[in-house]
Undergrad: 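Here you go, one structure.
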Amino acid sequence: MTEGRKHSWWQRGVIYHIYPRSFQDTNGDGVGDLRGVTQRLDYLQWLGVDALWLSPFYPSPMADFGYDITDHCNVDPLFGTLENFDELLEEAHRLGLRVIVDYVPNHTSDEHPWFVESRSSRESPKRDWYIWEDPKPDGSPPNNWLSVFGGPAWEWDERTEQYYYHAFHRKQPDLNWRNPEVREAMYGVMRFWLKRGVDGFRVDALRHLVKDEELRDNPPNPDYQEGRPSYETQLPVYTTDRPEVHRIISGMRRVLDGYGADRVMIGELYLPFDRLVLYYGEDGRGVHLPTNMHLITTPWSAPSLAALVSEYEAALPPYGWPNWVLGNHDNPRIATRIGPEKARAAAVLLLTLRGTPTMYYGDEIGMSDGKIPPEHLHDPAGEEAPHLGRDPARTPMQWSDTPNAGFCPPDTRPWLPLSSDHRRRNVAVQRLDPHSILSLYRRLLRLRRSEPALSIGSYEPLEATSSLLAYARSYAERRLLIALNLGDAPTSLPRTLQGRILLSTSPQEEGHTLHPSTRLFPGEALVVAP
Ligand code: NOJ
């Protein structure tokens with residue numbers, strides 16, 4: 001993007017991901033709700049983020065906690081009502097916050113009226129809305145395709161004697177996007193929320209949308225690692241990232257653009273960079289932000305992260321705006337992956353790299369994965385093996401040191417047990433402590449807002465040693481230097497790094513001139529203005 005050109009809010013801004021079940025319960029049922037989100041909007045404004053993305057709150061039997069939808073255009077009573085959603089949206093907008101909702105086009109619940117109709121008979125007018133196939137002559141599934149949650153991706157339907165395809169849970173049959181009626185119905189879902197005033201969508205499971213028409217078997221994955229989901233024993237080349245998906249995305253984009261140029265489409269994509277960047281579409285007519293999940297999966301060291309950033313920067317087309325995701329509801333939390341100390345430098349990294357950052361709720365207070373006793377495990381991904389369950393990253397937000405951490409009333413049982421550190425690690429305590437990770441996030445967000453070099457400036461790599469990562473961000477005449485210790489040993493700083501400390505993980509350093517002999521300890525980071 002050339003200097004001076006107008007940047008959209010989703011390019012300058014920071015996105016905060018909320019898992020509504022776990023954010024704030026207002027009706028005492030132990031499950032977070034939309035009113036709860038509305039109640040906490042002032043916190044998000046205080047923190048300094050620009051937009052919130054809400055994981056699904058639509059009617060659902062909750063086999064996959066809301067990613068199995070029975071009505072894409074309504075609110076599950078567990079979360080409230082459409083009126084509650086409108087109130088949330090209105091209040092967010094009043095406070096200057098944008099609202100992004102989850103859009104789940106790949107599948108519905110098996111209890112969705114469309115699927116109920118589709119499975120009722122082979123002659124049903126909605127039969128072809130889903131992916132139905134005959135068995136092989138021996139009665140086995142049509143091919144070797146696997147479900148992300150384990151086992152075959154084909155489920156036998158006794159009554160109509162065919163298999164249906166489900167990329168995820170058997171209660172999440174995949175829609176057939178080759179069918180124009182499906183496309184129209186699902187574009188209609190986008191229109192419904194756009195008319196209500198949402199600022200954009202996070203499009204779920206985007207790479208899964210189209211499957212190979214010839215139903216070819218997926219090849220084995222030679223790099224499969226023991227302990228990983230059985231889904232990874234194959235390379236999903238015929239079930240994901242098919243070329244036809246891009247036409248569908250253009251269709252979605254046309255719907256979106258029909259409601260003004262200011263709405264954003266984020267595509268949930270786990271792909272290597274050469275495949276990922278194709279989702280920007282020709283001349284940027286695809287998704288605005290194909291999610292870059294590589295901070296979640298790359299080994300946490302200065303050399304590998306430096307290489308990651310360079311590879312990404314090199315792969316981006318001129319019209320492709322970068323983005324970075326540090327964590328989400330499907331993966332272990334950053335504080336668990338790298339430890340609470342290093343999570344501080346990770347905050348600085350996320351908010352000073354070039355590209356739109358997405359933060360996951362609770363990471364700003366350094367929440368780590370909860371330890372969930374077996375009887376409280378819920379997530380279907382954990383059915384295959386408990387360690388694959390995603391519940392630990394979804395424990396309730398820790399607001400205060402009161403019982404149940406202010407998430408739900410003290411006499412209520414939260415849907416997932418609170419993390420044991422909530423008495424110490426919570427918003428109320430950390431708000432008052434300038435050394436807390438929450439205060440660090442808030443200072444970072446404020447700095448990012450006031451420094452175009454950080455939000456829209458260019459990126460220049462400076463140095464990567466075993467522990468140190470240093471780079472510059474520049475906009476117009478302003479050049480800022482960022483140094484982070486991402487390793488395990490103290491490190492000295494490059495001599496070229498000189499100037500005034502604008503931000504430090506040690507707040508007492510801020511405002512001072514950087515001393516040439518300064519060393520950074522593991523987890524420490526600085527932003528310096530020469
Ligand atoms: C990705 C979502 O983030 C995840 O939580 C869900 O299980 C699958 N898509 C299926 O919708």
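Numbering of ligands and ligand atoms starts at 1, following listing order.
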Undergrad: Any atom of ligand 1 sitting under 4.0 Å from a heavy atom of R394?
TA: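 Distance cut 4.0 Å: R394 passes for ligand 1.
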Undergrad: Hey, is CD on E90 packed in by over 12 heavy atoms from elsewhere, all under 6.0 Å?
TA: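 No, the 6.0 Å shell around CD holds no more than 12 heavy atoms from other groups.
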Undergrad: Heavy-atom distances under 4.0 Å decide this one: backbone, side chain, both or neither, for F149 against ligand 1?
TA: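 Contact part for F149 vs ligand 1: side chain (C-beta onward).
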Undergrad: Is it the case that atom CZ in R35 sees more than 12 heavy atoms from other parts of the structure closer than 6.0 Å?
TA: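 Incorrect, the count does not exceed 12.
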Undergrad: Quick test: of every protein heavy atom, which one is nearest to atom 8 (C) of ligand 1, and how far off is it to 0.1 Å?
TA: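 Here the closest protein heavy atom is F168 CE2, 3.7 Å.
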Undergrad: Can you see whether Y130 engages E117 through a side-chain donor-acceptor pair at a distance of less than 3.5 angstrom?
TA: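 Their side chains do not contain a donor-acceptor pair, so the 3.5 Å distance test is not met.
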Undergrad: Would you say the ring centroid of W132 lies under 6.0 angstrom from that of F115?
TA: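 Centroid separation for W132 and F115: below 6.0 Å.
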Undergrad: Determine, considering heavy atoms only, which of N328, D330, D68 sits nearest to atom 3 (O) of ligand 1.
TA: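 Closest candidate by heavy-atom distance is D330.
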Undergrad: Rounded to the nearest 0.5 Å, what separates atom CG in L88 from atom OG1 in T38?
TA: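 OG1 of T38 is found 3.5 Å from CG of L88.
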Undergrad: Does ligand 1 have an atom that lies less than 4.0 angstrom from a heavy atom of H107?
TA: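 The answer is yes, since H107 has a heavy atom less than 4.0 Å from ligand 1.
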Undergrad: So between N331, T291, D204, N106, whose heavy atom ends up nearest atom 11 (O) of ligand 1?
TA: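 Looking at heavy atoms only, the winner is D204.
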Undergrad: Would you mind running through ligand 1 and noting each atom that sits below 4.0 Å from a heavy atom of R390?
TA: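 Within the 4.0 Å cut-off of R390, ligand 1 contributes 4 (C), 5 (O), 6 (C), 7 (O).
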Undergrad: Verify the neighbour count for atom CZ of R196: are there more than 12 heavy atoms of other residues, nucleotides or ligands below 6.0 Å?
TA: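 Count over threshold, so yes.
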Undergrad: Can a non-hydrogen atom of H208 be found less than 4.0 Å from any atom of ligand 1?
TA: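 Not so, H208 does not reach ligand 1.
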Undergrad: With ring centroids as reference points, do H72 and H112 lie under 6.0 angstrom apart?
TA: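 Ring centroids of H72 and H112 are less than 6.0 Å from each other.
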Undergrad: List ligand 1 atoms under 4.0 Å from D64, heavy atoms only on the residue side.
TA: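 Heavy-atom distances to D64 below 4.0 Å select 6 (C), 7 (O), 8 (C), 10 (C), 11 (O).
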